[in-house]
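Just so it is clear, the model here is predicted, and its values are computed rather than measured. FYI, side chains are in, hydrogens and waters are out, and symmetry mates aren't considered; it's all heavy atoms of this structure.
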Amino acid sequence: MKVIVVKNYDEMSKVAANHVADVMKAKPDCVLGLATGDTPIGMYKNLIEMYKNGEIDFSKTTSVNLDEYYPITPDNDQSYRYFMNCNLFDHVNIDKAKTFVPDGQAKDVEAHCKAYEDRIDDLGGVDIQVLGIGRNGHIGFNEPDDELIKGTHLTALTQSTIEANSRFFASEADVPKHALTMGIESVFKARKVIVLASGANKAEAIRAMLKGNISTKCPASLICLHPDAVIICDEAAYSLV
């Protein structure tokens with residue numbers, strides 16, 4: 001595992017975009033594993049600029065997203081499909097038919113989760129998986145627990161995650177209480193993983209990830225076992241390590 005500490009969010013975003021761009025340049029038909037939330041927005045802005053400048057091309061690229069709220073419609077402005085369209089897909093030449101996000105309206109959740117895993121396998125796996133880290137150490141919506149589920153699954157959100165995400169909704173009551181998420185094994189299948197963290201509110205999670213024991217109580221700590229993992233964080237997020 002490699003740890004890269006940078007000065008601030010803007011630098012973190014640029015370094016992360018360069019890691020993704022390097023994979024795209026080396027393999028134009030790569031599969032990108034993408035994440036949502038505040039943290040990767042700057043990375044996506046950098047990738048859009050690189051596309052506009054002719055440095056990268058999304059035309060042969062496929063993407064799969066980590067997670068999606070459940071239940072939620074794709075046109076809901078808080079859905080992760082909507083987020084991805086607004087923050088990346090609408091601004092580059094990616095074929096949206098090759099951008100996959102878990103279905104927040106799935107009728108048969110178990111069948112959909114299996115199909116999502118099968119799709120990733122059929123694509124040949126993810127070449128680079130982008131991850132954020134929650135304040136409690138969650139990755140995707142794999143929350144701290146005694147046990148973690150391996151594959152894509154429906155999970156209940158913890159109160160701390162609901163509270164953290166409530167700023168995006170009209171009220172905390174409007175935050176979905178469940179989500180579809182790739183599991184730990186799904187994430188580990190990626191050939192390369194990058195974890196992004198910015199701000200003092202992520203410092204305890206980064207400390208637990210890098211200095212604590214490997215534990216399901218801090219799901220992000222398991223990433224330390226991945227053969228090609230890169231942690232990119234700013235000084236504030238690294239301040240307790």
How long is the span from the [atom1] atom in [X] to the [atom2] atom in [Y], to the nearest 0.5 Å?
X	Y	atom1	atom2	result
C218	I133	SG	CD1	5.5 Å
L88	T99	CG	OG1	9.5 Å
E49	K45	CD	NZ	10.0 Å
T61	Y51	OG1	OH	11.5 Å
M1	M209	CE	CE	6.0 Å
D122	T62	CG	OG1	12.0 Å

With a sphere of 6.0 Å drawn around [atom1] of [X], does it hold more than 12 non-hydrogen atoms of other residues, nucleotides or ligands?
X	atom1	value
K27	NZ	yes
K14	NZ	no
R207	CZ	yes
K25	NZ	yes

*Assess whether side chain to side chain donor-acceptor pair (under 3.5 Å) is satisfied between S171 and D174, documenting all intermediate values.*
CA-CA 5 Å; S171 72; D174 293 325; 3.2 Å; yes
*Distance only, no hydrogens: is a donor on one side chain within 3.5 Å (strictly under) of an acceptor on the other, for D57 and S59?*
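Per modelled atom types, D57 and S59 side chains form a pair under 3.5 Å.
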*Report yes or no: do E143 and T155 form a side-chain donor-acceptor pair below 3.5 Å?*
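No, no side-chain donor-acceptor contact under 3.5 Å.
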Specify the closest pair of heavy atoms between [X] and [Y], including all atoms of both residues, with the distance to one decimal.
X	Y	value
A179	F141	CB-CD1, 3.3 Å
G33	V126	N-CG1, 3.5 Å
N65	Y116	O-OH, 2.8 Å
S160	R135	O-NH2, 4.3 Å
Y70	V109	OH-CG2, 3.5 Å

*For the pair E147 and T216, evaluate side chain to side chain donor-acceptor pair (under 3.5 Å) and give the outcome as yes or no after the intermediate values.*
CA-CA 6 Å; E147 296 180 339; T216 58; over 6 Å; no
Using distance only, find each side-chain donor-acceptor pair of residues 35-43 under 3.5 Å and give its atom names and separation, not counting sequence neighbours.
{"from": "D38", "atom 1": "OD2", "to": "R167", "atom 2": "NH2", "distance (Å)": "2.6"}

Under the 3.5 angstrom rule, does the side chain of [X] hit a backbone N or O of [Y] as a donor-acceptor pair?
X	Y	answer
E68	L180	no
N142	M182	yes
S13	Y9	yes
N213	S215	no
N53	E55	no
H91	N87	no
N93	F58	yes
Y80	P102	no
N8	E11	yes

*Validation row, ring centre F169 to ring centre Y69 under 6.0 Å*: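 Here the rings of Y69 and F169 have centres that are less than 6.0 Å from each other.
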Determine all donor-acceptor pairs shorter than 3.5 Å in which one atom belongs to a side chain in residues 223-239; sequence neighbours excluded.
{"from": "H226", "atom 1": "ND1", "to": "D228", "atom 2": "N", "distance (Å)": "2.9"}
{"from": "H226", "atom 1": "ND1", "to": "D228", "atom 2": "O", "distance (Å)": "3.4"}
{"from": "H226", "atom 1": "NE2", "to": "A190", "atom 2": "O", "distance (Å)": "2.7"}
{"from": "D228", "atom 1": "OD1", "to": "K192", "atom 2": "NZ", "distance (Å)": "3.4"}
{"from": "D234", "atom 1": "OD1", "to": "G199", "atom 2": "N", "distance (Å)": "3.1"}
{"from": "D234", "atom 1": "OD1", "to": "A236", "atom 2": "N", "distance (Å)": "3.4"}
{"from": "D234", "atom 1": "OD1", "to": "A237", "atom 2": "N", "distance (Å)": "2.9"}
{"from": "D234", "atom 1": "OD2", "to": "S198", "atom 2": "OG", "distance (Å)": "2.6"}
{"from": "D234", "atom 1": "OD2", "to": "G199", "atom 2": "N", "distance (Å)": "3.3"}
{"from": "S239", "atom 1": "OG", "to": "A236", "atom 2": "O", "distance (Å)": "2.8"}

*With I162 via side-chain contact (heavy atoms from CB on, under 4.5 Å) - residues at least two apart*: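 Here the qualifying residues are L157, Q159, E172, V175, K177.
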*For the pair D103 and R81, find out whether any cationic side-chain nitrogen is under 4.0 Å from an anionic carboxylate oxygen.*
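Salt bridge between D103 and R81, a charged N being under 4.0 Å from a carboxylate O: no.
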*Do I48 and V20 share a hydrophobic cluster (ILVMFWY, side-chain heavy atoms under 4.5 Å, transitive)?*
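Linked within one cluster.
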*Give the cluster check for V193 versus I128: same hydrophobic cluster or not, with ILVMFWY residues linked at side-chain heavy-atom distances below 4.5 Å.*
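No; I128 is not reachable from V193 via cluster members.
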